[in-house]
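Written below as structure tokens is the structure these notes are about.
Count residues from 1 along the sequence.
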Amino acid sequence: MPQWLCNQLMRAFVKKDRRQIRLLNDCWYFYRTKQQPDDNTANDMATDV
């Protein structure tokens, strides 16, 4: 996880800002799927064995 995103998430948790936490969570999943679209399916298959 990028440091900037981690810092913003920690700040949102401290402030108990649920809207910001949800937004950052969505950003993280979007970022993760854009970074490694093929690796996620390979990892899921490997853990199912």
Let me check something: any side-chain donor-acceptor pairs from residues 18-28 under 3.5 Å, sequence neighbours excluded? List them with distances.
none

Distance-only donor-acceptor pairs under 3.5 Å for side chains of residues 2-10, two or more places apart:
unit_1: Q3; atom_1: NE2; unit_2: N7; atom_2: OD1; d: 3.0
unit_1: N7; atom_1: ND2; unit_2: Q3; atom_2: O; d: 3.4

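For F30, the side chain to side chain contact (heavy atoms under 4.5 Å, CB included) test picks out K34, with sequence neighbours left out.
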